[in-house]
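Just below is one structure, and these are the notes that go with it.
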Amino acid sequence: MGSVRIATPLPGPRSAALLVERRRWVSAGVSEARHGIFFARGLGALLEDVDGNVFLDFAGGIGCMNAGHSAPRVIERARAQLERLQHSCFMVAPYEPYVELAAKLCAITPGRHPKKAALFTSGAEAVENAVKIARRATGRPAVLAFDPGFHGRTLLALTLTSKTTPYRDGFGPFAPEVYRFPIPDVLRRPHALSAEECVQRGIADLHRFLKSNVNPAAIACAIIEPVMGEGGFIVPPAAFLHELQRLCREHGILLVADEVQSGLARTGAMFACEHTGLEPDLVTLAKSLSNGLPLGAVVGRADIMDAVQPGGLGGTFGGNPVACAAALGAIETIETEGLVARARAIGETAGRRFEAFQARFEFVGDARGVGAMRALEFVRDRRSLEPDKARTERIVDLAIRRGLLVLTAGLHGNVIRTLMPLGIRDAELGEGLDILESCLADA
Ligand SMILES: Cc1ncc(COP(=O)(O)O)c(C=O)c1O
């Protein structure tokens, strides 16, 4: 017997009642989940709604639950910390879990250089602070970012972010001195070009951009996601990343890897940078860092992290002790339960199935990803590769009715991505992939 259990119409009666209240009291600017279902409980890779229906979770709270719902080590550490000290503000009355977590993050992030860390409350805040640190350390104003990247919704992070609707519309003017460059689009390259030629053309265009748009001597940092999350799980070509790193070193530009979504075991390495040997100066983390509690981090070269004047970094809630304790429990779970290897195994299983979907269904334009960070891109046909958002939404709607929660991504909203908890059992993974295939067949 499978783990999915749907016993009411969806949304069920309690969810339907909550939806009415939600529409009455919550701002319309906070997007409403299309399914209208409210959830009450999570365990491992399963979510139970307020009407007792059980779903498989391939969304993981947008990539926050790598260690799994209700991970025992996270709960134990967070509960013990909650009972001892909830908050005192690290800058005013410091506590041990902040220091313990900073040391741990310095040990596990890429690069053997001496490192230091600073803790915040979200991914966007980590990104904003990475830019502040880079500007202070270099004395330069400009920031280079890449389309179709996503770095958050606060003003500077939003300026770095690519998608107009819904993220950017109406929120300008944006922060100055941000330059965005498109990564080579290998999937939709001109027919005359090979993949390698397309990447080389992208590299040449980047050189030109640094002549025409912004002098590299004015750039404090370049920020890039080693696997682009909201952009549609697009993997920037390794040659492009290597050239970016080389340019950064040549011109004294700091390289920031935004591992908010790709970090903490998701891609089958502790950090996605490891797949290409990228050694960033700064790394930004959040999401699965604390298994969903509000926490963000910047970790990087000690001399750069120390370039900021005391008091220049921080925030009332940054590095809250309960969130730090949860993060220590999440990292312990990843390490002791072998979730890096597990992400690789999930990636192999899901990757094989996704390739089979691509062979079976003409409307699957691409199956891609790294480790358990896998995606299917839906198109009208393989020749035009015209994005098919409507079919993508039909698949997502069918999937939830059959008990599978999945997330879309991509500039055109035509990508389905997998961010399931990494402790998902083989049987659950198979069940979820079977449901997805049945939805592809019927949508
Ligand atoms: C790569 C990346 N950076 C930054 C952010 C922003 O994180 P938060 O939503 O915690 O502010 C996200 C969120 O999806 C992300 O995927």
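We count ligands from 1, going down the list as the structure has it; atoms in each ligand are counted the same way.
In this structure, Phe55 and Phe39 have perpendicular ring planes: the angle between them is above 60°, well past the 30° mark.
Contact annotation: for Lys287 versus ligand 1, heavy atoms closer than 4.0 Å belong to the side chain alone. Residue contacts with ligand 1 for Ala124 involve both N, CA, C or O and side-chain atoms from C-beta outward (heavy atoms, distance under 4.0 Å). Residue-level proximity to ligand 1 for Glu230 is carried by the side chain, the only part with a heavy atom below 4.0 angstrom.
Protein heavy atoms come within 4.0 Å of atom 3 (N) of ligand 1.
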Quick one: do Glu230 and Tyr167 satisfy side chain to side chain contact (heavy atoms under 4.5 Å, CB included)? Show the steps, please. CA-CA 11 Å; Glu230 304 301 306; Tyr167 301 135; 3.7 Å; yes
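Close approach of ligand 1 to Ser122 (heavy-atom distance below 4.0 Å) involves ligand atoms 10 (O), 11 (O). Each of the atoms 1 (C), 2 (C), 3 (N), 4 (C) of ligand 1 lies under 4.0 Å from some heavy atom of Asp258. The ligand atoms of ligand 1 that sit less than 4.0 angstrom from a heavy atom of Gly123 are 6 (C), 7 (O), 8 (P), 10 (O), 11 (O). Taking every non-hydrogen atom of Phe150 and a distance limit under 4.0 Å, the qualifying atoms of ligand 1 come out as 1 (C), 2 (C), 3 (N), 5 (C), 12 (C), 13 (C), 14 (O), 15 (C). For ligand 1, the atoms closer than 4.0 angstrom to any heavy atom of Glu225 are 1 (C).
Nearest heavy-atom pair across Val283 and Leu285 is CG1-CD2, 3.8 Å.
A salt bridge between Glu128 and Lys132 is absent, with no side-chain N of the basic residue lying under 4.0 Å from a carboxylate O of the acidic one. The pair Glu377-Arg368 meets the salt-bridge criterion, since a charged nitrogen lies less than 4.0 angstrom from a carboxylate oxygen. Using a 4.0 Å cut-off between a side-chain N of Lys or Arg and a carboxylate O of Asp or Glu, Arg73 and Glu335 do not qualify as a salt bridge.
Every residue two or more places apart in sequence or in another chain was checked for a ring-ring contact (aromatic ring centres under 6.0 Å, His included) with Phe171, and none qualifies.
For ligand 1, one of its N or O atoms has an N or O atom of Gln261 under 3.5 Å away.
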